Structures are given as structure tokens and as C-alpha cells.
*Asks:* 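The structure under discussion is supplied below as C-alpha cells; questions concerning it will follow.
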Amino acid sequence: MSAAPSKMLATLNVNGRDVTLAFLPHATLLEVLREELRLTGTKHGCELGQCGACTVLVDGAPVLSCLTLAAETIDRPITSVEGIAVADALHPVQRAFLDLGAAQCGYCTPGFIVAAVHLLERTTSPSEAEIREALAGHLCRCTGYTKIVEAVALAGQRMRATAHG
Amino acid sequence: MGNNGARSTEGHVVGAALPRIDGYAKVTGAALFADDMAFPRMLFGRLLRSPHAHARILSIDYEKALRLPGVVAIATGRDLPVRYGILPSTQDETVFAIEKVRYVGEPVAGIVAEDERTAQRATALIEVRYEALPSVMSIDDALRDIAESGEKIHPESRKSNNIHKDVHLTFGDLEAGFADADRVFDDEYFFEGNTHAALEEHSAVAICGADGKLTLWSSTQTPHYLHRVVAAVLEMSASRIRIIAPPIGGGFGGKTEPVAHELAAAYFARATGRPVKFTLTREEVFYTHRGRHPVRIHLQTGVKNDGTITACRLQTWLDGGAFGSYGVATTYYTGALLPVTYKMGAYAFDGCRVYTNKPPCGPKRGHGTTQPRYAFESQLDDIANALGLDAGTYRAAIAVDPYSRTINHLRVTSCGIREALSAVSERTDYGAKHGKLAPGRGIGLAASAYLCGAGLPIYWNPMPHSGAVVKVDRGGGVTVFCGTSDCGQGSQNMLAAIVAETLGVEILDVSVCAGDTDLTPVDLGSYSSRVTFMAGNAARSAALEVRERIAAAAAAELGIAPERCAFASGRIFDREEPDRALAFVDAARAAEARCGTLVGVGSYTPPADLHGDFKGSGVGPSPAYSYSACVAEVEVDFETGEVRVERIVLAHDCGRALNPSIVEGQIEGSAYMGMGEALMEESAFRDDLHRIPNLLDYKTPTILDTPRIEAIVIETEELEGPYGAKEAGEGPLNPVIPAIANAVADAIGARIFATPIVPERVLQALDGTTGPLRLRAPVAARTA
């Protein structure tokens with residue numbers, strides 16, 4: 001039996017705050033977020049990069065945290081679903097998911113939400129095809145995706161109204 | 001509002017598309033699912049699973065594993081010998097295999113360790129010696145004479161060969177019915193098995209205190225049944241066991257019966273005195289399964305030239321996998337509900353479930369009714385075409401009537417099938433398109449019916465199926481306690497909406513305490529689309545009891561008769577002079593001062609007269625039935641055989657929609673899930689192995705495959721439902737699969753007699769050399 005690898009000490013920037021912690025060099029970002037930082041909003045549905053439930057933003061872009069080593073994310077801003085809401089106000093994407101019933105069991109929802117936030121940061125008026133393309137890596141077994149697509153479009157519309165308001 | 005009355009002047013919550021009360025936690029990631037929980041000193045568990053489909057266990061040696069640093073405890077079948085099963089008639093499972101294993105993936109041992117990696121490493125250090133036995137991997141294999149196929153999978157079974165259950169029911173004069181027919185249609189179909197693939201992998205966390213009290217959190221749709229099985233298997237008093245169902249990350253029937261890791265978590269928590277968590281990997285979820293049975297179907301239907309069904313004979317053979325699960329009920333369900341949709345002169349049903357060496361099948365959304373519905377609606381389409389009838393108007397002509405009895409003695413109450421059929425036909429212009437679209441394009445229609453809860457519980461008892469308690473706090477907050485488990489369908493919101501509506505408060509003033517066997521009255525669980533009807537009625541009764549006391553107190557304060565009290569907008573006011581009012585909180589305090597602690601209780605038990613009096617009559621009865629109709633439009637690529645679903649329009653009679661947005665969501669999700677089953681989802685095996693136990697190869701429709709689904713809510717008034725409601729969770733799935741199959745038949749001019757309709761089958765049907773996929777003549781179910 002070889003000796004267990006030792007943990008590394010590193011600083012991660014998670015949801016706008018630096019946290020210094022020790023984790024195994026082969027620990028995934030998913031494991032560090034959920035198990036070390038107790039940010040359990042990020043879910044796992046396969047741990048093989050197939051379902052999209054574990055999606056978080058790294059450097060502002062969606063990544064599958066189950067396939068990303070935490071060690072790769074040092075000094076790169078990480079945003080999980082817990083970092084999406086501003087103070088106690090829901091992000092327009094969250095509000096639209098809530099208003100339209102786009103979350104049923106809610107297990108895939110955090111992954112969809114961070115991916116949708118990323119899409120709407122690029123454009124607040126995506127076409128339906130663009131919405132579907134941006135969310136194509138995410139599986140949902142409850143909704144048939146219909147209300148998810150509608151919610152992302154509604155969030156974009158509300159963001160445009162606010163920006164122009 | 002019928003005899004449930006008292007909808008009165010209010011109606012601010014019921015019928016409104018309000019955001020779900022559990023939505024806030026779900027969109028922020030704050031909802032705590034079972035695997036999100038952690039406790040100090042928590043141990044992590046892993047299961048060692050069988051690499052053999054069928055083998056005798058000669059020995060298990062785990063000394064080496066136990067010596068691995070970090071491993072705390074190991075258990076095998078010897079440690080947990082009590083047999084269990086969700087149905088009292090089929091107690092055929094143990095937590096870990098004893099003497100032999102019956103499918104690849106069956107748990108053989110459990111390990112708990114300081115961390116998950118260590119537990120996983122330790123599984124590789126357990127040495128199990130097996131003696132392989134011949135495996136039984138198909139319905140044909142299972143029906144074959146046991147002298148040829150080797151040892152029975154369950155040697156103690158009294159049935160011949162590997163038959164688990166066979167049932168035979170006849171209603172009316174079948175022979176006379178066929179003799180009276182102008183045409184008899186005789187077809188065979190095969191519905192492939194598939195699985196739930198809920199996004200959340202099952203998880204269970206258990207704690208056992210020094211006082212011997214055990215608490216188990218589990219992603220279960222049936223906390224009450226789990227409670228009973230944990231008590232039985234751990235041989236401890238149920239009074240010392242508390243089961244809590246946290247939010248469930250999708251169920252669809254896959255979390256409806258106790259399975260090994262839950263019982264293992266409870267066992268190890270008690271054995272070690274430390275918190276224990278078991279979370280399955282995705283691959284393990286595929287082995288845990290309890291999904292849709294593969295079913296071979298033989299369907300003979302006699303019709304007059306006008307389409308009247310004079311006789312129908314249905315035979316089903318179910319591939320049950322290695323254990324009983326809900327299989328006896330599933331077998332009956334394959335035959336129970338066809339007559340709930342259409343009138344038949346005579347009906348006979350023979351069902352036969354067999355054991356095979358595959359992960360056990362069980363209930364998936366539509367439980368046993370989905371497969372024969374696919375066959376029947378496919379054949380009905382062929383009948384309509386042969387007789388030159390419009391598929392929609394034909395179905396409406398033979399549909400059952402509201403407030404009638406079916407040929408198999410089931411009581412039908414409200415029935416919106418005709419409204420649903422017209423809605424989908426009109427929305428899509430079905431009549432103008434069917435048979436007239438360009439080659440490669442097709443349109444198909446189908447209808448269905450489903451339960452609003454099983455009329456009988458899983459284990460016989462005379463107690464209510466659902467209970468609720470409503471408590472009012474001195475601050476005006478209301479809490480409803482009910483044993484339901486929310487797997488995403490919205491049962492928490494349903495309870496809150498009914499109570500808020502009844503008491504005239506805002507929905508966010510109602511808190512829901514659900515799925516906790518210490519705190520909540522029993523509800524039998526989230527299965528058979530029963531929760532809105534049964535728990536909703538219980539919650540409504542409980543809220544009405546509180547309302548009466550508040551009304552009495554408010555009436556005294558206002559100096560009016562209690563009947564004049566209306567409840568809305570957080571006030572109790574005089575219906576005739578609405579300015580005379582009390583705030584809800586003040587009225588509640590006055591009621592508490594008058595009557596003491598302000599709590600109401602309610603129960604729901606289905607009526608006793610729902611079914612006939614014959615063996616097997618317990619499966620199929622329901623206090624009400626929902627009705628659905630679907631039209632699908634497809635485009636088929638003649639080069640590749642690929643089917644693209646362009647449009648799904650799905651109308652569903654849910655009684656009254658308590659929350660139209662949630663009802664639409666159930667309809668949309670059903671359309672999507674049915675589409676996956678029709679076109680791509682399959683439990684596929686290569687020799688003894690599940691071929692695709694992962695979410696990449698087990699194909700489910702992505703957001704790019706799924707069209708924007710058009711949900712149509714058909715409202716009927718169900719007099720016995722809470723505020724007139726029926727169900728929406730399962731029923732809408734059933735017509736989707738045959739609607740797509742019928743659309744494909746319209747597009748390619750040939751019938752494919754099996755699911756899923758993968759490109760290979762389309763090309764076979766198109767080239768005609770192999771012909772549409774036909775099955776061998778069925779082996780007679782009458783063997784048993």
C-alpha cells in the first residue's frame with residue numbers, strides 16, 4: 001500500500017472571496033466545493049461529465065466541476081450557484097425559473113442557472129436556438145426543458161428592460 | 001365546487017400559477033438533498049456488487065479489507081438475513097446476497113470507512129468465490145423448461161420454470177364478442193425496458209443515538225414503507241426509528257421501494273454508533289433500477305365495421321429481472337386500465353411476469369399501464385385506418401362515459417377524454433394532415449387514462465391512506481404536517497396551496513412539514529399519482545376543522561353567524577358586509593382562547609365501492625381517473641432512419657388545476673419522458689451485462705432533441721377531489737409513446753411493432769426485406 005498523497009494548501013477565489021484550504025491534489029473542484037467548502041448547491045448526477053448538474057463558472061465560463069481539478073482553479077474566480085444571487089435579491093435568471101416553474105425537483109437547476117447566467121452575460125436577447133445550444137450539455141428529467149427555455153428568455157427580457165429602464 | 005364546497009368567494013391561491021414555495025430554495029441551491037447532509041464523525045459507505053448474473057456464493061473473506069486503515073466495519077448477507085420486499089406477497093430480497101447472486105450489480109457486502117475513497121478501495125480487497133450458474137436473460141429463457149435452463153433463479157418459488165406471477169381475468173363473453181366482430185386485429189408488440197434516470201443519485205444518511213433511536217434521511221418516495229422495512233430488517237421497534245424524506249432529486253418511481261443502501265446505512269449507523277452516508281454512483285443507480293419492465297404483448301381486438309369493440313384479449317409477458325419488487329402489481333396493471341379508456345363488449349387479460357438475471361424492474365411513471373397502452377393505441381390506429389375512420393373522432397366514439405362502470409367493474413367519475421381528444425385534434429388540424437403529409441412526415445394521435453391513486457394500500461390495513469395535521473401559530477403562521485415526499489412534482493406546494501386557500505391566507509404564510517415519520521401523519525407515498533387526491537383531501541379536511549373553530553370565534557367577535565364568515569386575504573369577514581372583518585391572526589388567537597390549541601386533523605380513505613369482487617380486483621381501482629390525449633408530428637430521415645419529433649401537443653384532464661403552471665410542467669415533463677421512451681431509451685444488455693449504465697450511452701433527449709411542448713390543461717370537475725383536482729404526474733406520459741409510434745407509421749407507411757423506434761428499426765421497416773420487426777409467436781402464458 002503506497003502512502004496516501006498529502007494535501008496541498010492553496011487559495012481559491014470562490015464567489016468573490018478568497019479561501020485558503022487544504023485539499024488532495026487529485027480532488028475535483030466538485031469535491032472541494034461540496035465537501036470542503038460545504039457549498040452543496042452544486043450537484044452531481046454522474047461525476048463523468050455527462051449530465052451538467054455540477055456546472056460552475058470558472059473565469060466566468062461554465063465548466064464541469066466533476067472533471068476539473070480544484071488545483072487547476074487556483075487564482076481563477078469561481079462562481080457557484082450560491083454566488084449568483086446578489087445579496088438577498090435573486091438574479092433575474094433565478095427569478096424567472098421561480099416565476100415560470102422551471103425548477104421541479106431542482107436537482108439540475110443550479111447547473112442550468114449558472115449556464116444561463118453565463119449566456120445572458122454575453123447577450124440578453126438570445127434566440128431560442130441559442131438558448132438551447134447554450135444549455136445542450138445539461139440534462140433535466142422533470143421539465144421537458146420547455147419552461148427552462150421560456151425562463152431564460154424571460155430573464156433576458158427583464159434584464160434588457162432593467163438596462164434600458 | 002361540488003361537495004367539497006367552500007371555494008366560496010375566495011380562490012386566490014387555488015387556480016393561480018403562483019411560484020412554488022419550494023422553488024426559492026431550489027433556484028438558489030439552498031435546498032438540502034440527502035447527499036448534501038453531513039455530520040461530525042460521519043462514515044462513508046460503499047457496496048461490493050456481484051460481477052456475475054447468476055452464481056452461487058461459495059465464500060466471502062473480508063479480513064484483508066477490514067485491515068485497511070480507515071475501514072471501520074464490513075457486513076455481508078449473514079449479518080442482515082431478514083428477507084423483505086415492498087409487497088407482502090413477495091419477500092424475496094435481502095440487503096446483501098445470501099447463498100447466491102441473481103444479477104450483475106447485486107449488493108454482496110457493505111463497507112463503511114472514514115472516507116469514501118477508502119471504502120471504495122476496500123471493496124477490491126474482499127475476496128468472494130463464486131460458482132457460476134447459467135443465466136436467464138430473456139422472457140423466452142425464463143419460460144423455457146427448467147430442466148434445460150438450469151437452476152431456478154428463486155428455487156423456493158412454487159411457479160413453474162422462472163415464472164414469478166401469472167394472472168388470468170375474463171370479463172363478459174369473449175367468444176361471443178369475437179364471433180360478433182366484423183374484423184379481428186391480431187398483433188404482437190414488444191415494449192423495451194427503460195429506466196427513470198432521475199438526476200439525483202440515491203443517497204441515504206443515518207444516525208443512531210446512544211438511546212438506540214435511529215434516524216434515516218433517504219431520497220425515498222415512500223418514507224412510510226421504508227419505515228416498516230427498516231424496522232423489519234434491523235429487527236427493531238418501528239417506534240425507535242425515524243425516517244425523513246428530504247427533497248428528492250427526481251423519482252419517477254425509481255425511489256419507491258426500500259433498497260440495499262438505505263438499509264445498509266441504517267444498519268451501520270447502529271453498528272458503529274456513528275453517522276453513516278451511502279450515496280450511489282450513477283452506474284449503481286442503473287443496477288438499482290426498479291424501472292420499466294420489458295413487456296411482450298399479444299393483442300387481439302374484435303370490432304364491428306363502425307369500430308365498436310366487441311371483444312379484446314390482451315396477453316402480456318413481463319421481464320421482471322431478479323426480484324419481485326412491485327411486479328405482482330405491475331402484472332395486474334398491464335391489464336387493468338385499457339377498459340378505463342374505451343368501452344369493450346368483452347375483455348380478457350392474461351399476464352405473466354418472469355424472473356431473469358437482470359436488475360429488478362419495478363414501477364416507472366405509468367406503472368405497467370404504459371406498455372399495453374402503447375400496443376393498444378397502435379392497434380387502434382391501424383383499426384381506424386383500416387375502417388377509414390378519423391383516429392380522434394373514432395376514439396371519442398368508443399370512449400367511456402363519465403360516471404360509468406367499466407367492463408372490469410371499475411368506477412369512472414369525471415372524464416375529460418373527449419375534450420382532450422378534440423383539443424389536440426383541433427390544435428394540430430390532425431384530420432387534415434393525417435395520411436396527407438409529404439413522405440417522411442407524419443402525424444399521430446393517441447389517448448389514455450390513469451389512476452389518481454391506488455384504491456388499496458400495498459399492505460392490507462383498514463387505516464387511512466393519508467393523514468394531515470394543520471396547526472395555527474399565535475403569530476398567524478400555519479403549518480401543515482403530512483407524510484408526503486416531494487420528488488419534484490410539487491406535493492409540498494399542493495399542501496400549502498390547499499391549506500392557504502381554505503384558510504384565506506397567503507401561500508407563504510403556510511409552512512409544510514412533510515415526509516417525517518416522527519412528526520407527520522402517515523401518507524403512503526409518492527406513487528400511483530395519489531398525492532394530490534389523497535393527501536390533498538386530508539389536508540383540506542384538517543384545514544376545514546381549523547377553519548370551523550376560527551369561524552366560530554370570529555363570528556362571536558363580529559356578532560354574526562359563523563356561516564357568514566368568509567376567509568380571504570388574511571382576514572375573516574362578513575360575507576354580507578365585507579367591511580366587518582378581523583385579521584386572521586386575531587381570529588386565530590380568539591379561537592385558541594376559546595377552544596385551546598389550534599390544530600385540525602384530516603384523513604383520507606378511498607371509497608370502498610371502487611372495484612369488483614374477484615381475485616386481482618385490488619389493482620386498478622382508483623377514486624378517479626385522469627384522461628389524456630396527444631398528437632405528435634415527426635419527420636423521418638429515410639437515409640439514416642432518424643426520427644425527429646417536431647411537435648408534441650398533449651392535453652390532460654387533471655380535474656381542476658390547483659396550480660396551472662405546475663400542471664403544465666407535469667404535462668411537459670411527461671411528453672419529454674414519453675418521447676425518450678418512444679425513440680431512444682432502453683435497458684440494453686450484452687450477454688449478462690448492462691451495456692450502457694451511464695448517462696452518455698443511455699440516451700435521454702437533450703434540450704436540442706426536445707421540441708417546445710404544447711401543454712393543454714383540460715379541467716373537469718371531480719367532485720371527490722380536493723378543490724376538484726385529480727392528477728397530473730403520470731397520466732400524461734402514456735399517450736405520448738403511441739402518438740409518436742403512430743406518427744412514425746404515418747410518415748413511413750409501415751408499422752414498427754417495438755420500442756424504442758431507433759433508426760435501425762426504421763430502416764428495417766423501410767427496406768421491407770426484414771419487414772416491420774415482428775416477434776416470434778408468443779410462448780403461451782397458459783403454461784402456468
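No hydrogens, no waters, no symmetry mates; every other heavy atom, side chains included, goes into these values. Keep in mind the model is a prediction, meaning the values are calculated, not measured. Note on naming: letters A, B, ... go to the chains in the order of the sequence lines (proteins, then strands), and numbering restarts at 1 for each one.
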*Asks:* For Ile248(B), which atoms come within 4.5 Å of any heavy atom of chain A: side chain, backbone, both, or neither?
*Replies:* backbone
*Asks:* Just by distance, do the side chain of Tyr672(B) and the backbone of Cys140(A) share a donor-acceptor pair under 3.5 Å?
*Replies:* yes
*Asks:* Among Val645(B), Ile709(B), Leu650(B), which one satisfies side chain to side chain contact (heavy atoms under 4.5 Å, CB included) with Val736(B)?
*Replies:* Leu650(B)
*Asks:* So does Lys147(A) pair up with Glu664(B), basic N to acidic O under 4.0 Å?
*Replies:* yes
*Asks:* With a 4.5 angstrom heavy-atom cut-off, is it the side chain or the backbone of Ile648(B) that approaches chain A, or both, or neither?
*Replies:* neither
*Asks:* Below 4.5 Å from any heavy atom of chain A, which atoms of Asn694(B) appear? Answer side chain, backbone, both or neither.
*Replies:* both
*Asks:* Side chain, backbone, both or neither: which part of Tyr24(B) has an atom under 4.5 Å from a heavy atom of chain A?
*Replies:* both
*Asks:* Give, as side chain, backbone, both or neither, the part of Met675(B) having an atom under 4.5 angstrom from any heavy atom of chain A.
*Replies:* neither
*Asks:* Identify which of Pro707(B), Ala197(B), Ala17(B) forms the greatest number of heavy-atom pairs closer than 4.5 Å to chain A.
*Replies:* Ala197(B)
*Asks:* Determine whether a donor-acceptor pair (N or O, by modelled atom type, separation under 3.5 Å) exists between the side chain of Ser485(B) and the backbone of Thr220(B).
*Replies:* yes
*Asks:* Provide the closest heavy-atom pair for Arg365(B) versus Ser670(B) in the form atom of the first, atom of the second, distance.
*Replies:* NH2-OG, 3.3 Å
*Asks:* Assess the pair Trp217(B) and Phe39(B): is the distance between their ring centroids shorter than 6.0 Å?
*Replies:* yes
*Asks:* Any idea which of Arg282(B), Glu668(B), Arg117(B), Gln666(B) has the most non-hydrogen atom pairs under 4.5 angstrom with chain A?
*Replies:* Glu668(B)
*Asks:* Taking every heavy-atom pair that is under 4.5 Å apart, which of Gly144(A), Cys105(A), Gly106(A), Ala136(A) has the most such pairs with chain B?
*Replies:* Cys105(A)
*Asks:* Would you please go through residues 57-84 of chain A and name the residues with a non-hydrogen atom below 4.5 Å from one of chain B, in numerical order?
*Replies:* Val81(A), Glu82(A)
*Asks:* Using a 4.5 angstrom heavy-atom cutoff, name the option from Ile113(A), Thr109(A), Leu139(A), Asp99(A) with the most pairs to chain B.
*Replies:* Leu139(A)
*Asks:* If you count heavy atoms of other groups shown closer than 6.0 angstrom to CZ of Arg122(A), is the number above 12?
*Replies:* yes
*Asks:* Chain B: which of Gln50(A), Gln104(A), Arg141(A) shares the most heavy-atom pairs with it under 4.5 Å?
*Replies:* Arg141(A)
*Asks:* Under 4.5 Å from any heavy atom of chain B, what part of Leu100(A) do you find: side chain, backbone, both or neither?
*Replies:* backbone
*Asks:* Does any backbone or side-chain atom of Glu128(A) lie under 4.5 Å from a heavy atom of chain B? Answer side chain, backbone, both or neither.
*Replies:* side chain
*Asks:* Check the side chains of Asp22(B) and Gln492(B) for a donor-acceptor pair under 3.5 angstrom, ignoring hydrogens and angles.
*Replies:* no
*Asks:* So for Ala38(B), is it side chain, backbone, both, or neither that comes closer than 4.5 Å to the heavy atoms of chain A?
*Replies:* both
*Asks:* Go through Ile148(A), Leu48(A), Leu135(A) and name the one with the most non-hydrogen pairs under 4.5 angstrom from chain B.
*Replies:* Leu135(A)
*Asks:* Of the backbone (N, CA, C, O) and the side chain (C-beta and beyond), which part of Thr281(B) lies under 4.5 Å from a heavy atom of chain A, both, or neither?
*Replies:* neither
*Asks:* What option among Ala129(A), Gly41(A), Gly45(A) has the most heavy-atom pairs under 4.5 Å with chain B?
*Replies:* Gly45(A)
*Asks:* Considering only heavy atoms, which portion of Gln489(B) lies under 4.5 Å from any heavy atom of chain A: side chain, backbone, both, or neither?
*Replies:* neither
*Asks:* Between the main-chain N or O of Thr279(B) and the side-chain N or O of Arg46(B), is there a donor-acceptor pair closer than 3.5 Å?
*Replies:* yes
*Asks:* Where does Lys43(A) contact chain B at under 4.5 Å (heavy atoms): side chain, backbone, both or neither?
*Replies:* side chain
*Asks:* Taking Asn659(B) for the side chain and Leu18(B) for the main chain, is one N or O donor matched with an acceptor at less than 3.5 Å?
*Replies:* yes
*Asks:* Is chain B contacted by the side chain of Thr143(A), its backbone, both, or neither, given a heavy-atom distance below 4.5 Å?
*Replies:* backbone
*Asks:* Checking His289(B) against Thr195(B): is there a side-chain donor and acceptor pair closer than 3.5 Å?
*Replies:* yes
*Asks:* So which of Ala30(B), Gly250(B), Gly29(B), Gly490(B) has the largest heavy-atom pair count under 4.5 angstrom toward chain A?
*Replies:* Gly29(B)
*Asks:* Is the closest side-chain donor-acceptor distance between Asp18(A) and Thr11(A) under 3.5 Å?
*Replies:* no
*Asks:* Counting N and O atoms only, with roles assigned by atom type, does the side chain of Glu727(B) sit under 3.5 Å from a partner on the main chain of Glu730(B), one being a donor and the other an acceptor?
*Replies:* yes
*Asks:* In this structure, which one of Lys364(B), Arg292(B), Lys699(B) forms a salt bridge (Lys or Arg N to Asp or Glu O under 4.0 Å) with Glu681(B)?
*Replies:* Lys364(B)
*Asks:* Heavy atoms, side chains only, cut-off 4.5 Å: are Ser526(B) and Asp486(B) in contact?
*Replies:* no
*Asks:* Tell me, side chain or backbone of Arg34(A) under 4.5 Å from chain B's heavy atoms, or both, or neither?
*Replies:* side chain
*Asks:* Does any backbone or side-chain atom of Ala671(B) lie under 4.5 Å from a heavy atom of chain A? Answer side chain, backbone, both or neither.
*Replies:* neither
*Asks:* For each of His196(B), Arg20(B), Glu201(B), tally heavy-atom pairs with chain A at distances under 4.5 Å, and name the one with the top tally.
*Replies:* Glu201(B)
*Asks:* Sub-3.5 Å donor-acceptor pair from the side chain of Glu200(B) to the main-chain atoms of Gly249(B), do we have one?
*Replies:* yes
*Asks:* Between Gln221(B) and Thr256(B), is any side-chain donor less than 3.5 angstrom from a side-chain acceptor?
*Replies:* yes
*Asks:* Describe, in one word, how the ring planes of His138(A) and Phe112(A) are oriented to each other, choosing from parallel (under 30°), tilted (30 to 60°) and perpendicular (over 60°).
*Replies:* tilted
*Asks:* Taking side chain as everything from C-beta outward and backbone as N, CA, C, O, which of these in Asn493(B) sits under 4.5 Å from a heavy atom of chain A? Side chain, backbone, both or neither.
*Replies:* neither
*Asks:* Under 4.5 Å heavy-atom distance to chain B, tell me which part of His44(A) shows up: side chain, backbone, both or neither.
*Replies:* both
